[in-house]
Amino acid sequence: MTNAEDISRFEQQRQEKLERIKEFGIDPYGGRYEEPESAVDVKNKFREDDQSLRAKSAGRIVLLRDIGKLIFLTLRDRSGTIQIGLSKKLLAEQWDIVKLLELGDIIGASGQLGKTKTGEITIWADDITLLSKCLLQPPEKFHGLADVDQRYRQRYVDLWANPDVMERFKIRSAIVTTIREFLTSEGFFEVETPMMQTVAGGAAAKPFITHHNTLDMDLFLRIAPELFLKRLLVGGMEKVFEINRNFRNEGLSRQHNPEFTMLELYQAYADYNVMMDLTEGLISLLVEKFCPDPKVQFADLTIDLSRPWRRASYAELLKEFGGCDIDDIKSIRKKARELEINESNMDDVIVTGEVFEATVEDNLIDPTFVIDYPAPLCPLTKRKKDNPRYAERFELFIGKMELANAYTELNDPAVQEENFRLQLRGQEESMATMDKDFITALKYGMPSAGGLGIGIDRLVMVLTGAASIRDVILFPLLRPARD
RNA sequence: GGGAGUGUAGCUCAGUCGGUAGAGCAACGGCCUUUUAAGCCGUAGGUCCUGGGUUCGAGUCCCAGCACUCUCACCA
């Protein structure tokens, strides 16, 4: 790019136009342009009975129709598009410069607001300001940018070449804002906890490792904020939440990006039933606000997000879709062999988990709370009082994806320490270590609490019908492009 | 990491049986004061992802590599 030989013919042509613009004494990169109105506002203020109104817009030229002494531009800004009419009569003095405008340039235009013969609201410009010259050829106007790779690598082009992409990220932003407003109005307190941790806890996942030079120590990018947020429960923050990134050093897929955004919240004196109501209420609020129809299209699925959502126990679903009784380990192992799961070296509870994943999860299309997981799968969860083999935990599935995970938080330091020990057994080769300070915190006394985690990216996928997590993350991780 | 697919002009895509590379849009030149993916006439534009191989001859067939997509594995 920096090499003269590498500059394309198109870029050279545009560069030459830029030089000609400079010769007219015009700064091709503009500066402050005062108070442009949004395209939508301009269209809204148009009145058939008042042709004297003026309007002022700024944006990128996405379409250009040159009729000779008359040019129509379609300008795109944050709100939409507005047509600008440029006539030689009105712009006689600027006409040489007007003729140099091309697709992709960012301009400001002001003039009288009117309508064309065909009824398009148009700013008939009597003044044009070049605000930024576009030196590279924009994508094709009709099909937009379609190459998936390039769309992710050059999101800055994708966003204005494909309006539905912009729209999706606007909705994502509005979803996050709504979640914040909802939680804040419910009395939750927003915090930020460490992204760089000396012990990567709160989940079972491979962490990324980084290094602090001055302290000469390795640090982990967090895999979950859980253990820090619970420390805040100990500190007396009774309703607390964080919306932030987690990092997991694992494979990529349509549902997995190495960094992803998680909402985690904790509420003292609550339990997982309270979390279930909160989850259903919060997501339903978002559905109401952002989905025109509670029946949404997601990939090849139609999902009905209407309430109430099904609540079914782990054992019940295993029976329904796997055909196995959770207490009949022989039949579960038989089923595992049918599913070609190599069960011989697995613990009972692991085999059960595998069979559950293989038989149940693909059937969980409409929102389903899977409740009461086998306790050994839940080291941070309080067990059920009436049946300690199970833990007070649920996962919410929508569209075959795990969207949320919640439980009644374990607050007994002795049980927690024992669970950590069991979890670490046989994982000596992994990075996992005991978070002793967390045990210390629990010893000071943590109120019993409900805790909830919601994967924001996946939630946005469902609410906006995006089949891939890469479509809801502005800059998903890719290998670097070759030169 | 395994399997399948894709990679051709700036962009979106064709390219038959192996025989000198095609279209639309964009660009460049010309005409045009009410267009809507404006229109009409003309011009130019190619490392067919990269490197090998087979062949008289490869965009096309074979091998290897790279990137992306899907899928499986991994994944509380």
Side-chain angles (χ1 to χ4, degrees), chain A residues 7-14 16-17 62-74 81 83-91 95 102-104 114-122 124 134-154 157-158 161-162 201-207 223-224 226 246 248-258 260 299 340-342 349-350 353-354 356-358 370 373-374 376-381 391 393-395 401-402 404-407 419 423 432 453 455 467-468 470 476 478-483:
Chain A
I7 293 176
S8 75
R9 178 171 49 93
F10 298 101
E11 192 172 350
Q12 269 178 39
Q13 283 169 4
R14 283 172 175 256
E16 283 160 17
K17 284 190 182 179
V62 291
L63 289 172
L64 186 152
R65 300 173 286 282
D66 186 347
I67 325 280
K69 295 189 183 67
L70 184 66
I71 300 172
F72 289 102
L73 303 179
T74 303
T81 59
Q83 175 163 279
I84 312 294
L86 308 173
S87 83
K88 192 173 181 182
K89 204 171 173 184
L90 281 171
L91 288 162
W95 198 245
E102 55 195 330
L103 287 176
K115 249 186 186 176
T116 60
K117 277 181 185 169
T118 47
E120 179 94 13
I121 296 170
T122 301
W124 292 103
C134 175
L135 288 173
L136 297 173
Q137 180 92 343
E140 200 249 6
K141 62 187 177 186
F142 188 56
H143 297 94
L145 189 60
D147 182 79
V148 186
D149 184 21
Q150 203 175 336
R151 283 185 46 218
Y152 297 146
R153 290 185 197 282
Q154 301 194 315
V157 177
D158 189 32
N162 296 318
K206 296 187 199 82
I223 54 176
E226 172 154 357
N246 289 348
R248 297 187 182 176
N249 204 341
E250 286 154 7
L252 288 73
S253 80
R254 275 205 300 185
Q255 285 98 31
H256 298 84
N257 194 63
F260 59 100
E340 296 179 344
I341 294 165
N342 183 10
V349 67
I350 302 294
E354 293 279 329
F356 185 89
E357 272 184 37
V370 180
Y373 277 68
L377 296 174
C378 315
L380 296 159
T381 310
R393 170 181 174 189
F394 73 79
E395 288 191 358
M401 279 192 303
E402 180 196 338
N405 181 20
Y407 32 88
N419 286 355
Q423 196 184 5
S468 168
R470 288 180 162 183
L478 298 172
R479 280 193 178 80
R482 286 184 304 162
D483 294 334

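Numbered from 1 within each chain, the chains take letters A, B, ... in sequence-line order. Just so it is clear, the structure is predicted and the values come from calculations on it, not from any experiment. Values below: all heavy atoms of this structure, side chains included; hydrogens, waters and symmetry mates excluded.
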**Identified pairing partner of B/rG39, criterion: Watson-Crick or G-U wobble below 3.5 Å** = B/rC31
**Prompt:** Taking atom P in both B/rG29 and B/rA44, what distance in whole Å separates the two?
**Reply:** 15 Å
**Message:** Would A/Arg393 and A/Leu380 count as a side chain to side chain contact (heavy atoms under 4.5 Å, CB included) here? Give the steps.
**Reply:** CA-CA 10 Å; A/Arg393 170 181 174 189; A/Leu380 296 159; over 6 Å; no
**Message:** In the structure I gave you, are the side-chain heavy atoms of A/Cys134 and A/Arg14 within less than 4.5 Å of one another anywhere?
**Reply:** yes
**Message:** Rounded to whole Å, please give me the gap between NZ in A/Lys69 and P in B/rG39.
**Reply:** 20 Å
**Message:** Applying the Watson-Crick and G-U wobble criteria at under 3.5 Å, what pairs with B/rC17? Answer none if nothing qualifies.
**Reply:** none
**Message:** Using atom C1' in both nucleotides, what's the gap between B/rA37 and B/rG24 to the nearest angstrom?
**Reply:** 11 Å
**Message:** Checking the side chain of A/Asn162 only, and the main-chain atoms of A/Leu145 only, is there a donor and an acceptor separated by less than 3.5 Å?
**Reply:** yes
**Asked** Which value, in whole Å, describes the distance between the C1' atoms of nucleotides B/rG2 and B/rU12?
**Response** 33 Å
**Request:** Quickly work out the A/Leu64 CG to B/rU35 P distance and round it to whole Å.
**Result:** 16 Å
**Request:** Measure from the side-chain N and O atoms of A/Glu140 to the backbone N and O of A/His143, and report whether any donor-acceptor pair falls under 3.5 Å.
**Result:** yes
**Request:** Take A/Leu70 and A/Glu120, find for each the nucleotide of RNA chain B with the closest heavy atom, and name the residue whose nucleotide sits nearer the 5' end.
**Result:** A/Leu70
**Request:** Counting heavy atoms from C-beta on, name the nucleotide in B/rA44, B/rC68, B/rC70 closest to the side chain of A/Asp149.
**Result:** B/rC68
**Asked** With a non-hydrogen cut-off below 4.0 angstrom, is A/Ile71 in contact with a base, only sugar-phosphate, or nothing?
**Response** nothing
**A/Asp66 CG - B/rU34 P separation (whole Å)** = 13 Å
**Prompt:** Which sits closer to the 5' end of RNA chain B, A/Lys88 or A/Glu102, going by the nucleotide each is nearest to?
**Reply:** A/Glu102
**Request:** State whether the side chain of A/Glu250 and the backbone N or O of A/Lys206 hold a donor-acceptor pair below 3.5 Å, judged by distance alone.
**Result:** yes
**Asked** Checking side chain to side chain contact (heavy atoms under 4.5 Å, CB included) for the pair A/Tyr373/A/Thr381: CA distance, chi angles, key distance, verdict?
**Response** CA-CA 10 Å; A/Tyr373 277 68; A/Thr381 310; over 6 Å; no
**Message:** Applying a 4.0 Å non-hydrogen cut-off, can you work out what A/Tyr152 is touching in the nucleic acid: base, sugar-phosphate, or nothing?
**Reply:** sugar-phosphate
**Request:** Return yes if the base of B/rU35 and the side-chain atoms of A/Thr116 contain a donor-acceptor N/O pair under 3.5 Å, otherwise no.
**Result:** yes
**Request:** Sticking with atom C1', work out how far B/rC48 lies from B/rC61, rounded to a whole angstrom.
**Result:** 15 Å
**Request:** To the nearest Å, give me how far apart CD (A/Gln12) and P (B/rG10) are.
**Result:** 13 Å
**Message:** When you measure from the side-chain N and O atoms of A/Arg65 to the phosphate of B/rA38, is any distance below 4.0 Å, counting only OP1 and OP2?
**Reply:** yes
**Asked** Between B/rU35, B/rC68, B/rU12, which nucleotide gets closest to the side-chain atoms of A/Ile67?
**Response** B/rU35
**Item:** Any donor-acceptor N/O pair, A/Ser253 side chain to A/Gln255 backbone, under 3.5 Å
**Value:** yes
**Message:** Partner lookup for B/rA64, please. Criteria are Watson-Crick or G-U wobble with both distances under 3.5 angstrom; report none if nothing qualifies.
**Reply:** B/rU50
**Request:** Rounded to the nearest angstrom, tell me the gap between atom CD in A/Glu11 and atom P in B/rC11.
**Result:** 13 Å
**Asked** Would one find a side-chain N or O of A/Lys141 under 4.0 angstrom from OP1 or OP2 of B/rA26?
**Response** yes
**Prompt:** Taking the same atom, C1', in B/rG7 and in B/rC49, what whole-Å distance lies between them?
**Reply:** 6 Å
**Complete:** Whole-Å distance, A/Gln13 CD to B/rG29 C1', equals 11 Å
**Summary of protein contacts for nucleotides 71-76 of chain B, nucleotide by nucleotide, where a base hit scores B, a sugar-phosphate-only hit scores S (4.0 Å, heavy atoms)** = S-BBBB
**Request:** Indicate yes or no: at least one non-hydrogen side-chain atom of A/Asp66 is less than 4.5 angstrom from one of A/Ile71.
**Result:** yes
**Prompt:** If the P atom of B/rA23 is compared with that of B/rG46, how far apart are they to the nearest Å?
**Reply:** 14 Å
**Message:** Using a 4.0 Å heavy-atom cut-off, does A/Gly144 contact any base of the nucleic acid, only the sugar-phosphate backbone, or nothing at all?
**Reply:** sugar-phosphate
**Prompt:** Does the ring of A/Phe142 meet both stacking tests against the six-membered base ring of B/rA37: centre distance under 5.5 Å and plane angle under 30°?
**Reply:** yes
**Whole-angstrom distance between B/rA9 and B/rG59, as gauged at atom C1'** = 14 Å
**Prompt:** Paired with B/rC11: which nucleotide, if any, by Watson-Crick or G-U wobble criteria at under 3.5 Å for both distances?
**Reply:** B/rG24
**Asked** Across all strands shown, which nucleotide pairs with B/rG59 by Watson-Crick or G-U wobble geometry, both distances under 3.5 Å?
**Response** none
**Rounded distance in Å - CZ (A/Phe10) to C1' (B/rG45)** = 6 Å
**Message:** Once you apply a heavy-atom cut-off of 4.0 Å, does A/Lys17 come out as touching a base, just sugar-phosphate, or nothing?
**Reply:** sugar-phosphate
**Fill in**
Taking B/rC11, B/rC28, B/rG45 as options, the one with an atom nearest any side-chain atom of A/Arg9 is B/rG45
**Message:** Partner lookup for B/rC70, please. Criteria are Watson-Crick or G-U wobble with both distances under 3.5 angstrom; report none if nothing qualifies.
**Reply:** B/rG3
**Prompt:** Is the shortest side-chain N/O distance from A/Arg153 to OP1 or OP2 of B/rC68 below 4.0 Å?
**Reply:** yes
**Item:** Separation of the C1' atoms in B/rU34 and B/rG39, to the nearest angstrom
**Value:** 14 Å
**Message:** Run the side chain to side chain contact (heavy atoms under 4.5 Å, CB included) test on A/Trp95 and A/Leu86 for me, step by step, so that the C-alpha distance in whole Å, both residues' side-chain angles and the decisive distance to 0.1 Å come before the verdict.
**Reply:** CA-CA 9 Å; A/Trp95 198 245; A/Leu86 308 173; 4.3 Å; yes
**Item:** A/Asp158 vs A/Tyr152 side-chain heavy atoms within contact, under 4.5 Å
**Value:** no
**Message:** Looking at A/Gln150, I'd like to know whether one of its side-chain N or O atoms comes within less than 4.0 Å of OP1 or OP2 on B/rC68.
**Reply:** no
**Prompt:** Over how many whole Å does the gap from A/Gln137 atom CD to B/rA9 atom C1' extend?
**Reply:** 11 Å
